[in-house]
Amino acid sequence: MEREKIVELKDIEVKFRVRDRDLTAIRRVSLDVFRGETLAIVGESGSGKSVLTKTVTGMLENNGRITNGTIMYGDLDLTKIDSYEEGSYIYEKNHDAWQQIRGRKIATIFQDPMTSLNPLRRIGSQITEVLIHVRGFEKEEAKAEAINLLDKVGIPNPEERFMDYPFQYSGGMRQRVVIAIALACQPEILICDEPTTALDVTVQAQILDLLKALTDELNIAVIFITHDLGVVANVADRVAVMYSGQIVEYGVSDDVFYNAQHPYTWALLSSLPQLGEKGVDLFAIPGTPPSLYNVIVGDAFAPRNPFAMEIDFVEEPPMFQVSETHFAKTWLLDPRAPKVERPKIVDSLHERVMAILGGDR
């Protein structure tokens, strides 16, 4: 069955003007988002994950701009909804266009729920406000639906908790409320920007299970941003690995976990804390990412890559096709490249995960 494509990003480039210099945060990224799937975008801090998704919601900082590419949402190119001087007719027109998309069609959940919740207003009123303003509900109808949403996201005794303030909720419960507010708009895409990072492991697992269940029930697309590949294993249908503003590997979850081809993905998998052994130091990726102020020559990961070849420092690799669902941007996939042995921890990853999960995967 053919999947329904909701958004298509093609050759996106994003630059920021910082101290009279251009910083290229996103370098020619192409990506599709499909209904009913969870797409995980993974990489170290600064790799461009959040910046990439901000292009889809028109939330780039004032010094940022899209300098190349298209973002097609149906027949609408979101890159054409430009920013103009506030107060102008064109600004107001474009502001209205984003108002119809942001929240209504594409919603975002951020890492810290207290940046999204008003600490001085009751939880219920923050949900009903969305229902009244966006979906045109009457007050009593909005209250009933808000209670229903609180119940859907797993808030116990929702009728009573409706009148609570955010400080009366735990971190995990506040994140559930933020999810309820996002779902109140009935979006087609839900962007989750590291929504479980600040939560303990048990609550994190509960939130991930909730997001997975809601994706299946509501048939929406989820874009899940994280630096933790261990989180991805539980939620993602497809995975895009980002490094220095580019996607370096892309595939279905099992492709990336059990048949990774890019040395950067190998390094991320090798550093999974879930696979650590007592008395053995955890693996850490040596070096630091390159400066995005500079023009990057060759493979951006080459200086940190123990498998790098001469060509990696001279010419950027193309995106090689590994299979129908799997792609990787590394010269190691060129037929002329020497064969290398992947790290042992990566080769034994499937067996080790099976042992941790008790054979559930």
Which pair of heavy atoms, one from [X] and one from [Y], lies closest together, and at what distance?
| X | Y | result |
| --- | --- | --- |
| Gln126 | Leu117 | OE1-CA, 3.5 Å |
| Glu194 | Thr226 | CD-CA, 3.9 Å |
| Ala25 | Val51 | CB-CG1, 4.2 Å |
| Pro338 | Leu332 | O-CD2, 4.5 Å |
| Ala184 | Val130 | CB-CG1, 3.9 Å |

Qualifying ring-ring contact (aromatic ring centres under 6.0 Å, His included) pairs with a residue from residues 296-343, counting only residues at least two apart or across chains: Tyr243-Phe301, Tyr264-Phe301, Trp266-Phe307

For Gln204, what residues pass the side-chain contact (heavy atoms from CB on, under 4.5 Å) criterion, not counting sequence neighbours? Thr196, Leu208, Val231

Taking it one step at a time, do Glu44 and Arg304 satisfy salt bridge (charged side-chain N to carboxylate O under 4.0 Å, His left out)? CA-CA 13 Å; Glu44 293 171 287; Arg304 307 174 73 188; 3.1 Å; yes

NZ/NE/NH1/NH2 to OD/OE distance under 4.0 Å, [X] and [Y]:
| X | Y | value |
| --- | --- | --- |
| Asp151 | Arg161 | no |
| Lys5 | Asp32 | yes |
| Asp164 | Arg122 | no |
| Asp193 | Lys54 | no |

For a side-chain hydrogen bond (donor to acceptor under 3.5 Å, both in side chains) with Glu13, tell me which candidate from Asn68, Thr55, Thr67, Thr24 qualifies. Thr67

Run the side-chain contact (heavy atoms from CB on, under 4.5 Å) check on Ile109 and Leu190 step by step: do they pass? CA-CA 7 Å; Ile109 299 170; Leu190 183 62; 3.8 Å; yes

Please check if atom NZ in Lys143 has more than 12 non-hydrogen atoms from other residues, nucleotides or ligands closer than 6.0 Å. no

